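Nothing fancy with the numbering, it's 1 onward along the sequence. Computed from a predicted model, the values in this text were never measured in an experiment.
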Amino acid sequence: MPKPRAQSCCYDCAPCSEGEISNTTDRENCIRCPYNEWPNEKKNQCIAKIKDFLSYTNDTIPVVFSAISVFLLLITVMILGVFIYYWNTPIVRANNRSLSFLLLVSIKLSFLSVFLFLGRPVDITCMLRIITFGISFSIAVSSLLAKTIMVCVAFKATKPGSSWRKWVGVKLSNSVVLFCSSIQIIICMTWLAISPPFQELDLHTYPGTIIIQCNEGSAIGFYSVIGYMGLLAAVSFVLAFLARTLPDSFNEAKYITFSMLLFCSVWITMIPAYLSTKGKNTVCVEIFAILTSSAGLLGCVFLPKCYTILFNSQINTRSHLLGNKSS
């Protein structure tokens with residue numbers, strides 16, 4: 001730029017603006033770097049921007065999350081093995097074997113869905129990650145809701161001449177799971193059909209950095225999935241809280257109450273954390289919520305049963321079951 005009150009041949013060197021370089025002396029105009037490059041410190045050369053995502057090669061966080069997910073997955077498989085081995089024992093039969101099996105499978109899928117959040121996101125993983133954990137969690141919470149409903153129905157059916165006896169059986173529980181899960185599947189399929197998630201390159205949040213992330217496509221679709229999951233959890237929590245004191249052997253309503261309380265707490269605190277972070281920090285928040293809530297379901301619902309089956313087997317008998325019912 002020309003010096004004020006000086007000859008027209010005299011100039012001051014003005015630094016190039018952000019995103020521009022000058023690689024020759026006395027150049028009048030700066031050169032803007034391409035969208036995927038950024039000036040070096042001397043602003044005389046364009047260099048590649050840093051790509052920001054949860055990379056296995058550059059970050060330790062994906063390795064930690066993978067190890068935790070695999071560890072919890074192995075625990076789930078072990079619990080499933082215990083339930084299959086003690087398939088005909090009273091505590092397994094009293095708590096609806098098919099629902100317990102379905103719940104364990106859905107928790108396994110939740111742990112496996114973590115791997116869709118790790119690594120460089122592409123369009124297919126962006127579509128699968130939200131859909132997979134949304135549907136698997138809906139199946140899990142629907143199973144808990146069905147378990148709670150069956151506890152209430154079984155208590156009412158014990159009264160003489162009760163009309164609730166016709167509802168005792170697997171048909172009601174299967175119908176609850178199928179109906180509640182189908183609504184979530186419809187929400188997810190509608191979301192994918194109208195405005196599916198896709199890979200997005202954020203060039204503006206952090207200068208010199210390309211944030212490779214997933215764009216939800218439709219904020220309404222994303223919050224509909226989360227909101228419906230929260231609605232199922234809230235209904236399950238209320239019913240389980242009301243049924244926690246019912247006089248039934250191996251009544252798991254109190255364990256479901258704790259699991260749903262933890263589940264709701266995790267996802268309620270996840271929303272503001274999700275909105276206030278960017279890039280791979282957002283993905284870390286999502287993974288933490290998935291692992292914590294899944295582990296909460298696994299620990300609150302199944303660990304007390306496994307303890308009874310393996311270390312307190314004297315109460316895992318038909319005589320204990322009938323004795324409690326008669327009392």
Side-chain angles (χ1 to χ4, degrees), residues 53-56 58-81 100 102-121 125-144 184 188 197 213-214 216 222-223 225-230 232-234 236-237 255-306:
F53 61 93
L54 282 179
S55 171
Y56 282 102
N58 299 326
D59 295 309
T60 58
I61 296 177
V63 178
V64 174
F65 279 141
S66 298
I68 295 174
S69 182
V70 170
F71 175 72
L72 293 174
L73 180 64
L74 291 176
I75 292 179
T76 308
V77 173
M78 291 173 60
I79 293 176
L80 182 60
S100 296
L102 182 61
L103 179 56
L104 284 169
V105 171
S106 61
I107 292 176
K108 285 171 58 179
L109 292 177
S110 299
F111 289 137
L112 288 174
S113 69
V114 168
F115 293 96
L116 294 172
F117 290 80
L118 302 175
R120 183 185 180 120
T125 55
C126 289
M127 288 187 285
L128 288 177
R129 58 168 59 172
I130 302 296
I131 305 303
T132 302
F133 98 83
I135 293 178
S136 60
F137 268 125
S138 295
I139 294 174
V141 179
S142 299
S143 300
L144 292 176
Q184 184 72 291
C188 292
Q213 61 187 5
C214 288
E216 289 86 5
F222 175 77
Y223 288 109
V225 170
I226 299 296
Y228 180 71
M229 199 166 61
L232 286 179
S236 299
F237 170 74
Y255 303 124
I256 296 176
T257 303
F258 286 119
S259 66
M260 288 295 97
L261 181 61
L262 176 61
F263 185 91
C264 293
S265 300
V266 168
W267 287 99
I268 288 174
T269 55
M270 174 263 184
I271 296 299
Y274 176 86
L275 294 175
S276 61
T277 54
K278 291 287 186 180
K280 60 185 178 184
N281 294 330
T282 303
V283 181
C284 290
V285 169
E286 292 176 303
I287 294 175
F288 179 79
I290 293 173
L291 290 177
T292 306
S293 53
S294 299
L297 295 181
L298 187 66
C300 293
V301 176
F302 290 103
L303 288 186
K305 298 178 187 177
C306 289

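What you find for L144 and M260 is that their closest heavy atoms are CD1-CE, 3.3 Å. Between I268 and P272, the shortest heavy-atom distance links the atoms O-CD, 3.1 Å. For the residue pair P62 and S55, the shortest heavy atom distance occurs at CG-O, 3.5 Å. The two residues I79 and L104 make their nearest non-hydrogen contact at CG2-CD2, 4.0 Å. Nearest heavy-atom pair, D59 versus V63, reported as atom, atom and distance to 0.1 Å: O-CG2, 4.2 Å. Looking at every heavy atom in both residues, P121 comes nearest to F53 through CD-CB, 4.1 Å.
Other residues, nucleotides and ligands contribute only 12 or fewer heavy atoms inside 6.0 Å of the CZ atom of F71.
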Next item on the list: Dump the intermediate steps for side chain to side chain contact (heavy atoms under 4.5 Å, CB included) on M229 and F263, then the final yes or no.
Entry: CA-CA 10 Å; M229 199 166 61; F263 185 91; 4.1 Å; yes
Next item on the list: Evaluate the side chain to side chain contact (heavy atoms under 4.5 Å, CB included) criterion for residues S259 and L262: first the C-alpha distance (whole Å), next the side-chain angles of each, then the deciding distance (0.1 Å), finally the verdict.
Entry: CA-CA 5 Å; S259 66; L262 176 61; 5.9 Å; no
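Between Q213 and T282 there is no side-chain heavy-atom pair separated by less than 4.5 Å. Residues L54 and R120 are not in side-chain contact: their nearest non-hydrogen atoms beyond the backbone lie 4.5 Å or more apart. Between S100 and K305, some side-chain heavy-atom pair lies under the 4.5 Å cut-off. The shortest side-chain heavy-atom distance between F137 and S294 falls under the 4.5 Å cut-off. By the 4.5 Å heavy-atom criterion applied to side chains, V64 and I68 are counted as neighbours. Using a 4.5 Å cut-off on side-chain heavy atoms (C-beta onward), S66 and L118 make contact.
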Return a table of donor-acceptor pairs under 3.5 angstrom between the side chains of residues 283-292 and protein atoms on other chains or two or more places apart.
residue, atom, partner, partner atom, Å
T292, OG1, F288, O, 2.6

Review item, side-chain donor-acceptor pairs of residues 108-116, under 3.5 Å, at least two apart:
residue, atom, partner, partner atom, Å
S110, OG, S106, O, 3.0
S110, OG, S136, OG, 3.2
S113, OG, S110, O, 2.6

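In this structure, I75 CD1 and L80 CG are separated by 13.5 Å, a value rounded to the nearest 0.5 Å. Put simply, CG on L128 and SG on C214 are 10.0 Å apart, with the number rounded to the nearest 0.5 Å. Note that OG1 of T76 and CG of L298 are 4.5 Å apart. Values are rounded to the nearest 0.5 Å. A distance of 11.5 Å separates CD1 in I130 from CD1 in I135, rounded to the nearest 0.5 Å. To the nearest 0.5 angstrom, L103 atom CG is 10.5 Å from I139 atom CD1.
Between W267 and F133, the ring planes lie parallel to each other; the angle is under 30°, not in the 30° to 60° tilted range.
Under the rule for a ring-ring contact (aromatic ring centres under 6.0 Å, His included), F237 has no partner lying at least two apart in sequence or in another chain.
Of the possible donor and acceptor atoms, none in the side chain of T132 sits under 3.5 Å from a partner among the backbone N and O of R129.
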